[in-house]
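Keep in mind the model is a prediction, meaning the values are calculated, not measured.
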Amino acid sequence: MKKNCIIIHGCPSNREKAMDPATRTYDKHWIPWAKNELIKSGISTLTPYMPDPWEPVYEKFKKEFEKYEVNEGTILIGHSCGCTFLVRWLGETKRKIHKLILVVPWKIAEGSPKSEMDFYKFPIDGTIGRRVDQITIFTSDNDEEGGKRGAVMFHEALGGDIISLPGHGHYVLDDMGTEEFPELIDIIIKDKI
């Protein structure tokens, strides 16, 4: 089966930062670079824009996401709240996929508005690992505490491998100092864990 990849971006902290395509960052950081590297390697890769990510609503994300093909050859990658969406969607749909890669998964909703609380508060389906060939979770020693706790929560429920890259923070350009994320590409292309 031919492999394809879908990368779901994270959620910006506010609407103002997210509105202008020239200045927004939630769909940037390492995502465009990774997309180009995967396409060069022959893996069709999509990076859809999720609706109103500054106020994430699961049903809106789901409606947009389900426009794309997901099958047993699919690699799903999420960044921050994108991970939350993917795990919830996989739990609800019971889909089989090739790989699930969670980059600093966010599952903590404390202090969030009610709409965001609804996005983050759901039981993680522990059977997802039976339908995914490989699960990898990226974290970092200097990520925010919510990101570190989210990685632990997802790992406890899903299993898989955790890769902690020192000094990568929340895997955004300011923290990483580069758009390149070769460790991610290695996991996908070389089938390494």
- prompt: Does the side-chain contact (heavy atoms from CB on, under 4.5 Å) test come out yes or no for Asp52 and Lys60, once each step is laid out?
  reply: CA-CA 8 Å; Asp52 305 329; Lys60 289 182 180 180; 3.0 Å; yes
task: Please confirm whether the backbone N or O of Arg149 pairs with a side-chain atom of Lys107, one donor and one acceptor, at under 3.5 Å?
output: no
- request: Hey, could you give me the OG1/CG distance between Thr127 and Leu90, rounded to the nearest 0.5 Å?
  value: 10.0 Å
field: Pair His170, Ser80: side-chain N/O donor-acceptor within cut-off below 3.5 Å
entry: yes
message: Taking atom NZ as the centre, does Lys63 end up with more than 12 heavy-atom neighbours from other residues, nucleotides or ligands that are less than 6.0 angstrom away?
response: no
Approximate separation, where rounding is to 0.5 Å, of Cys83 SG and Phe138 CZ: 11.0 Å
statement: Taken to the nearest 0.5 Å, the spacing of Asp175 CG from His168 NE2 works out to 10.0 Å
field: Between Thr74 and Asn4, a side-chain donor and acceptor under 3.5 Å
entry: yes
task: State, yes or no, whether a side-chain contact exists between Glu179 and Trp30 at a heavy-atom distance under 4.5 Å.
output: no
query: Among Thr139, Ile162, Val87, which residue meets the side-chain contact (heavy atoms from CB on, under 4.5 Å) test with Leu102?
result: Val87
task: With rounding to the nearest 0.5 Å, note down the distance linking CG in Leu38 to CD1 in Ile7.
output: 6.0 Å
field: Side-chain heavy atoms of Trp89 within contact of Glu66, under 4.5 Å
entry: yes
query: His155 side chain to Met153 main-chain N or O, any donor-acceptor pair under 3.5 Å?
result: no
- line: On a heavy-atom basis, the closest approach of Trp106 and Cys81 is CB-N, 4.1 Å
query: So which heavy atom on Gly169 is nearest to which on Ser140, and how close?
result: N-OG, 3.2 Å
- prompt: Does any non-hydrogen side-chain atom of Leu184 lie less than 4.5 Å from one of Ile77?
  reply: yes
query: Does NZ in Lys96 sit with more than 12 non-hydrogen atoms of other residues, nucleotides or ligands closer than 6.0 Å?
result: no
message: Quick check: do Asp186 and Ile189 have side-chain heavy atoms less than 4.5 Å from each other?
response: no
task: State, with a plain yes or no, whether a side-chain heavy atom of Asp161 is found less than 4.5 Å away from one of Ile137.
output: no
task: Using atom types as modelled and distance alone, determine if a side-chain donor or acceptor of Asp141 lies under 3.5 Å from a backbone N or O of Gly167.
output: yes
- request: State yes or no: do Ile8 and Tyr68 share one hydrophobic cluster built from I, L, V, M, F, W and Y residues joined by side-chain heavy-atom distances below 4.5 Å, directly or via other members?
  value: yes
- prompt: Are Leu100 and Phe154 side-chain neighbours, meaning at least one heavy-atom pair lies under 4.5 Å?
  reply: no
query: Strictly by modelled atom types, are His98 and Asp133 linked by a side-chain donor-acceptor pair under 3.5 Å?
result: yes
query: Does any N or O in the side chain of Ser41 come within less than 3.5 Å of the main-chain N or O of Ile43, such that one atom is a donor and the other an acceptor?
result: no
task: Can you measure from CG (Leu76) to CD1 (Ile135) and round to the nearest 0.5 angstrom?
output: 11.0 Å
- prompt: When the ring centroid of Phe119 is compared with that of Phe85, is the distance short of 6.0 Å?
  reply: no
message: Using the side chain to side chain contact (heavy atoms under 4.5 Å, CB included) criterion, which residues pair with Glu92? Sequence neighbours excluded.
response: Tyr58, Lys62, Arg88
- prompt: Side-chain contact, heavy-atom cut-off 4.5 Å: Phe61 with Pro53?
  reply: yes
field: Ring geometry between His79 and His29 (parallel below 30°, tilted from 30 to 60°, perpendicular above 60°)
entry: perpendicular
- prompt: Under the side-chain contact (heavy atoms from CB on, under 4.5 Å) criterion, do Ile128 and Lys94 qualify, and how do the steps go?
  reply: CA-CA 7 Å; Ile128 289 172; Lys94 310 299 185 209; over 6 Å; no
message: What verdict does the side-chain contact (heavy atoms from CB on, under 4.5 Å) test give for Asp125 and Arg131, after you've listed the backbone C-alpha separation in whole Å, the side-chain angles of each residue and the deciding distance to 0.1 Å?
response: CA-CA 11 Å; Asp125 177 0; Arg131 296 183 300 277; 3.2 Å; yes
- request: Take Leu158 and Ile124, measure what side-chain contact (heavy atoms from CB on, under 4.5 Å) needs, and give me the verdict at the end.
  value: CA-CA 8 Å; Leu158 303 175; Ile124 300 172; 3.8 Å; yes
task: Could you tell me the separation between the CD1 atom of Ile6 and the CZ atom of Phe65, rounded to the nearest 0.5 Å?
output: 4.5 Å
message: Would you say that Lys99 contacts Thr136 through its side chain, given a criterion of any heavy-atom pair below 4.5 Å between the two side chains?
response: no
- prompt: Is the side chain of Arg95 donor-acceptor paired with the backbone N or O of Val70 at a distance under 3.5 Å, no angle test?
  reply: yes
